[in-house]
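Keep in mind the model is a prediction, meaning the values are calculated, not measured.
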Amino acid sequence: MSTIQFIAIAILPLLFAITMHEVAHGWVALRFGDTTAKMLGRLSFNPIKHIDPIGTLLVPGLMMLLGGIIFGWAKPVPVNFNNLHHPRRDMAWVAIAGPSANLLMAIGWALIMKLALLLHTGSLEWLARPLIYMGSFGIKINLILMVLNLLPIPPLDGGRVLSGLLPPRAAMYLDRVEPYGLIILILLLFTGVLGGILFPMYQGLEGLLLQAFGLPAVFT
């Protein structure tokens, strides 16, 4: 598969993965009393509203071409935690909504891939083949984003979940790490530590999902 073909296959699952992740944060925040994302028009399935030119396009694109971990970010959906009914508890629910959306999308892409494999005969092969590749990549990108975001490093979702579960004093110390979170992630990425943490978890989850749906490993 050429680079252009791979980008054509990957772009839709990637945009969906990022968009649904951010919308899930805003939707759960709205359910718990914060209307910030809604007022700013961020509860939208339009990817343009969530794209960060560097984090959503440039960095993941380079990672794809280099064959490394697909690492990137979108414009965070704004949440005013002071507006939540129970700020510390609800913050954890808002944070876990993003990775949960990625898990559901991974399952959804598995269903699409399964359907495409069933259609992969005769005159429908022209439709089934790209859907198989798209489904496979959709599973991968969503599981990678889910596992990455669950790392307990602020401002990742896992860090916010942990902060909401810790006693207030311990949570305060954890929250002080947030300004340095991206720097920590980049250092972990380029030292290979991030891959050593993420790949075993990601590969285990992917194996379980492929086995559950009886799917082949298309991208290895």
S.K.: Considering only residues two or more places apart or on different chains, which pairs with a residue in residues 89-115 satisfy salt bridge (Lys or Arg N to Asp or Glu O under 4.0 Å)?
M.R.: none
S.K.: Which atom names give the shortest non-hydrogen contact between Leu84 and Ala29, and what distance separates them?
M.R.: CD2-O, 3.8 Å
S.K.: Would you check, one step at a time, whether the test side-chain contact (heavy atoms from CB on, under 4.5 Å) holds for Leu104 with Met20?
M.R.: CA-CA 10 Å; Leu104 291 175; Met20 297 299 289; over 6 Å; no
S.K.: Using side chain to side chain donor-acceptor pair (under 3.5 Å) as the criterion, list what pairs up with Asn83, not counting sequence neighbours.
M.R.: Asp34
S.K.: Flag the pair Lys140 / Tyr202 as yes when at least one side-chain heavy-atom distance between them is below 4.5 Å, and no otherwise.
M.R.: yes
S.K.: Answer yes if Leu165 and Ile96 sit in the same cluster of Ile, Leu, Val, Met, Phe, Trp and Tyr residues linked by side chain heavy atoms under 4.5 Å apart, and no otherwise.
M.R.: yes
S.K.: Same cluster or not: Leu210 versus Phe199, using hydrophobic residues (I, L, V, M, F, W, Y) connected whenever any side-chain heavy atoms lie under 4.5 Å apart?
M.R.: yes
S.K.: Between Ser136 and Ile132 (side chain of the first, backbone of the second, donor and acceptor by atom type, cut-off under 3.5 Å), is there such a pair?
M.R.: no
S.K.: Would Leu194 and Leu187 count as a side-chain contact (heavy atoms from CB on, under 4.5 Å) if you check the C-alpha gap in whole Å, the side-chain angles of each, and the deciding distance to 0.1 Å?
M.R.: CA-CA 9 Å; Leu194 188 62; Leu187 288 174; over 6 Å; no
S.K.: Please tell me whether Leu111 and Leu209 are part of a single hydrophobic cluster in this structure, the criterion being side-chain heavy atoms less than 4.5 Å apart.
M.R.: yes
S.K.: Locate the shortest heavy-atom distance separating Gly138 from Pro13; write the atom from each residue and the value.
M.R.: CA-CB, 3.7 Å
S.K.: To the nearest 0.5 Å, what is the distance between CH2 (Trp109) and CE (Met134)?
M.R.: 5.5 Å
S.K.: Kindly compute the distance separating CG (Asn142) from CZ (Phe16), expressed to the nearest 0.5 Å.
M.R.: 11.0 Å
S.K.: If you define the side chain from C-beta out and look only at heavy atoms, does anything of Thr36 sit under 4.5 Å from Arg42?
M.R.: no
S.K.: Let's go through Met113 and Leu131 carefully: what are the C-alpha distance in whole Å and the side-chain angles of both, what is the deciding distance for side-chain contact (heavy atoms from CB on, under 4.5 Å) to 0.1 Å, and is it a yes or a no?
M.R.: CA-CA 6 Å; Met113 187 178 174; Leu131 285 179; over 6 Å; no
S.K.: Which atom pairs, one a donor and one an acceptor, fall under 3.5 Å between side chains of residues 144-158 and the rest of the protein, sequence neighbours left out?
M.R.:
unit_1: Asn149; atom_1: ND2; unit_2: Leu145; atom_2: O; d: 2.8
unit_1: Asp157; atom_1: OD1; unit_2: His25; atom_2: NE2; d: 3.2
unit_1: Asp157; atom_1: OD2; unit_2: His21; atom_2: NE2; d: 3.0
unit_1: Asp157; atom_1: OD2; unit_2: His25; atom_2: NE2; d: 3.4

S.K.: Rounded to the nearest 0.5 Å, what's the gap from CG on Leu14 to CZ on Phe137? Could you check?
M.R.: 5.5 Å
S.K.: Output yes when a side-chain donor or acceptor of Arg88 lies under 3.5 Å from a complementary backbone atom of Ala171, and no otherwise.
M.R.: no
S.K.: Just jot down the side chain to side chain donor-acceptor pair (under 3.5 Å) partners of Thr35, sequence neighbours excluded, or say none.
M.R.: none
S.K.: Run the side chain to side chain contact (heavy atoms under 4.5 Å, CB included) test against Pro130 and tell me which residues pass, sequence neighbours left out.
M.R.: Ile9
S.K.: Grab the two heavy atoms, one from Ala101 and one from Ala24, that are nearest each other, plus how far apart they are.
M.R.: CB-CB, 3.7 Å
S.K.: Closer than 4.0 angstrom, basic N to acidic O: yes or no for Glu22 and Lys75?
M.R.: no
S.K.: Hey, can you pull the donor-acceptor pairs under 3.5 Å for the side chains in residues 174-184, sequence neighbours left out?
M.R.:
unit_1: Asp175; atom_1: OD1; unit_2: Ser163; atom_2: OG; d: 2.8
unit_1: Asp175; atom_1: OD2; unit_2: Ser163; atom_2: OG; d: 3.4
unit_1: Glu178; atom_1: OE2; unit_2: Arg160; atom_2: NH2; d: 2.9

S.K.: Are Val23 and Val28 grouped together when hydrophobic residues (ILVMFWY) are joined by side-chain heavy atoms under 4.5 angstrom apart?
M.R.: yes
S.K.: Say whether Ile107 and Leu12 are linked into one hydrophobic cluster, either directly or through other cluster members, by side-chain heavy-atom distances under 4.5 angstrom.
M.R.: yes
S.K.: Checking Ala170 now: which residues fulfil side chain to side chain contact (heavy atoms under 4.5 Å, CB included) with it, not counting sequence neighbours?
M.R.: Leu166, Pro167
S.K.: What distance separates His85 NE2 from Arg31 CZ, expressed to the nearest 0.5 Å?
M.R.: 9.5 Å
S.K.: In the hydrophobic cluster built from side-chain contacts under 4.5 Å, what are the other members alongside Leu30?
M.R.: Leu43
S.K.: Minimum heavy-atom separation for Gly164 and Ala92, please, with both atom names.
M.R.: CA-CB, 4.4 Å
S.K.: Look at atom CG of Leu118 and say whether more than 12 heavy atoms of other residues, nucleotides or ligands are closer to it than 6.0 Å.
M.R.: yes
S.K.: Can you measure from CG (Leu189) to CG (Leu198) and round to the nearest 0.5 angstrom?
M.R.: 9.0 Å
S.K.: Looking at Ala37 and Gly26, what are the two nearest heavy atoms and their distance?
M.R.: CB-CA, 4.0 Å
S.K.: By salt bridge (charged side-chain N to carboxylate O under 4.0 Å, His left out), which residues pair with Arg129, not counting sequence neighbours?
M.R.: Glu125
S.K.: To the nearest 0.5 Å, how far apart are CG in Leu143 and CG in Leu103?
M.R.: 7.0 Å
S.K.: In the structure I gave you, are the side-chain heavy atoms of Pro78 and Leu40 within less than 4.5 Å of one another anywhere?
M.R.: yes
S.K.: Between the main-chain N or O of Ser44 and the side-chain N or O of His50, is there a donor-acceptor pair closer than 3.5 Å?
M.R.: yes
